[in-house]
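I am attaching a structure below and will ask some questions about it afterwards.
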Amino acid sequence: MEGMIPKVRKAVFPAAGLGTRFLPATKAQPKEMLPLVDKPLIQYGVEEALHSGIQNIFIVTGRGKTAIEDHFDVSFELEQALEAKNKKDLLAIVRGVSDMINVAYVRQKEALGLGHAVLRASELVGPEPFAVVLSDDVIDAEVPCLRQLLDIYEFFGAPVLALMEVEGDAISAYGVVDAEAVPHNGGDNRLFRIRNLVEKPKPGEAPSKLAIIGRYVLTPEIFHSLDSIGPGSGGEIQLTDGLKHLLRNRPIYGYRFEGRRYDAGDKLGFLKATVEFALNRYDLGAEFREYLKQLSL
Ligand code: G1P
């Protein structure tokens, strides 16, 4: 049975949002290009996909997103200048980014929601399973979060969503699932079978504490579901609603991943990620720690 489950080779990165939570920084620059220390958010997601075994990246862009395309392209002038100055380390970093992936872009002409963005990639993805990565969710994990989901997918051949417990009213900012635990790995209580999904439930109406985080492994039937549903929360075509439609005919699993997630699309989350990532850097951590210690907080 396992041999018949097709491999996931492609990942879709929706990146056409307006980034309103980060204005004015995102007025002329996509939020996906905001740097955590020295790497743009989207590169963290792309590296996670690569480290999970996926090399084909499809980025769904909108207006004003050319910086993303330039970032993953060859920068001829920059490379020449670095070569002339014999800056080998920097040259390797710059080349590494453009050599990293096979990338293709598709345009989402109007920001009509996450489900709509994913649907835009249907021609590129074709009839095969694929991953979706939301680059505002930056996840620091020993085994990349997407790899954890792929391991579950490779067993069941069914869609798998990343889940995380969220306490209190903060759950209303997420897609939330109702789910039953499935025995797995000696009862680690991480694997769930989804019973229902609600996008951005009102406080007190969430079916559980289990929020969807921006990593998905999907099967191509989701495109039909996304095509069939109307606008939902916020008047947008929601991926969560597409999954709810798909659930009528297919099992969907959730996996409470191991690792630490930062909401880098939010100012406070972004600051937390910046501090933690800087502290963990071999070239900056020690000095930065000393600096933080001497702040009288
Ligand atoms: C999106 C999804 C939501 C999910 C969240 C994770 O919401 O619609 O279901 O919980 O990402 O970050 P957004 O954050 O784009 O409003």
Side-chain angles (χ1 to χ4, degrees), residues 11-23 26 30-32 34 41-42 44-45 48 59-62 108 110-121 131-141 145-146 149 159-179 192 194 196-203 205-218 222 225-226 229-247 252 254-257 259-270 272-273:
V12 174
F13 283 66
L18 297 175
T20 47
R21 287 195 287 170
F22 248 108
L23 282 168
T26 47
K31 71 172 168 182
E32 293 77 11
L34 294 172
L41 287 184
I42 192 162
Y44 286 91
E48 184 183 323
I59 303 179
V60 185
T61 63
Q108 183 186 17
E110 291 172 281
L112 296 180
L114 178 58
H116 180 260
V118 171
L119 192 51
R120 298 275 74 69
V132 173
V133 175
L134 307 186
S135 33
D136 325 6
D137 284 327
V138 177
I139 302 172
D140 190 20
C145 178
L146 193 52
L149 302 192
V160 187
L161 321 178
L163 299 177
M164 184 179 96
E165 273 192 19
V166 171
E167 298 295 331
D169 287 352
I171 193 87
S172 295
Y174 297 89
V176 183
V177 300
D178 175 27
F192 294 85
I194 310 287
N196 192 17
L197 310 92
V198 189
E199 179 67 11
K200 309 226 163 67
K202 293 198 188 84
E205 290 179 13
S208 78
K209 289 181 178 177
L210 288 172
I212 304 169
I213 300 302
R215 300 290 184 278
Y216 309 74
V217 177
L218 301 175
I222 190 67
S225 291
L226 289 170
I229 58 170
S233 168
E236 296 184 339
I237 306 283
Q238 296 292 351
L239 182 54
T240 304
D241 295 342
L243 288 162
K244 186 177 165 138
H245 181 276
L246 184 63
L247 192 58
I252 299 177
Y255 190 68
R256 203 166 51 74
F257 59 92
R260 181 136 187 216
R261 172 259 186 179
Y262 299 91
D263 179 4
D266 169 75
K267 286 174 196 170
L268 189 58
F270 183 87
K272 288 179 187 172

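Both ligands and their constituent atoms are indexed starting at 1 by order of listing. Keep in mind that what you see is a predicted model, and the values were worked out from it rather than measured.
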* Asked: What protein heavy atom is closest to atom 15 (O) of ligand 1, reported as residue, atom name and distance in Å?
  ->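 Its nearest protein heavy-atom neighbour is K200 NZ, 4.7 Å.
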* What protein heavy atom sits nearest atom 12 (O) of ligand 1, and how far off is it? ->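 I find the closest protein heavy atom is D137 OD2, 2.8 Å.
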* Basic-acidic side-chain contact under 4.0 Å: K244, E199 ->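 Between E199 and K244 there is no salt bridge, as every charged N stays at least 4.0 Å from the carboxylate O atoms.
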* Between T240 and ligand 1, does any nitrogen or oxygen pair lie at a separation below 3.5 Å? ->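 Min N/O separation from ligand 1 is below 3.5 Å for T240.
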* Compare all side-chain heavy atoms of C145 with those of E48 and state whether any distance is below 4.5 angstrom. =>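 In contact.
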* Asked: How does L134 reach ligand 1, if at all, at less than 4.0 Å between non-hydrogen atoms: by side chain, backbone, both, or neither?
  ->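 Side chain only; the backbone of L134 stays clear of ligand 1.
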* **Close-contact set for ligand 1 against Q238 heavy atoms, below 4.0 Å** =>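 Within the 4.0 Å cut-off of Q238, ligand 1 contributes 8 (O).
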* Does the pair D263/R21 count as a salt bridge with the N-to-O cut at 4.0 Å? ->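 A salt bridge is present here (some side-chain N lies under 4.0 Å from a carboxylate O).
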* Taking atom types as modelled, is there a side-chain donor on E236 or H116 under 3.5 Å from an acceptor on the other? ->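 No, H116 and E236 have no side-chain donor paired with an acceptor closer than 3.5 Å.
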* **Exercise check, heavy-atom protein proximity under 4.0 Å to atom 7 (O) of ligand 1** =>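 Under the 4.0 Å cut-off, atom 7 (O) of ligand 1 does have protein heavy-atom neighbours.
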* Sidechain-backbone polar pair: Q108 side chain, R120 backbone, donor-acceptor under 3.5 Å ->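 Judged by distance alone, no pair lies under 3.5 Å.
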* Check ion pair D137-R215 (N to O, under 4.0 angstrom) ->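 Salt bridge flag = no for R215 with D137.
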* Purely on distance, is any nitrogen or oxygen of G214 under 3.5 Å from one on ligand 1? ->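 No, no N or O pair falls under 3.5 Å.
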* To do: May I ask you to check if ligand 1 and E199 share an N or O to N or O distance below 3.5 Å?
  =>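 N/O-N/O distance below 3.5 Å exists for this pair.
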* Asked: Do any non-hydrogen protein atoms sit less than 4.0 Å from atom 10 (O) of ligand 1?
  ->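 When distances to the protein are checked, atom 10 (O) of ligand 1 has a heavy atom within 4.0 Å.
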* CE of M164 to CZ of R261: how many Å apart, nearest 0.5 Å? ->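 Reported value, rounded in 0.5 Å steps: 4.5 Å.
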* Please report which non-hydrogen protein atom sits nearest to atom 4 (C) of ligand 1, along with the residue it belongs to and the distance in Å to one decimal place. =>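 The protein heavy atom lying closest is I212 O, 3.4 Å.
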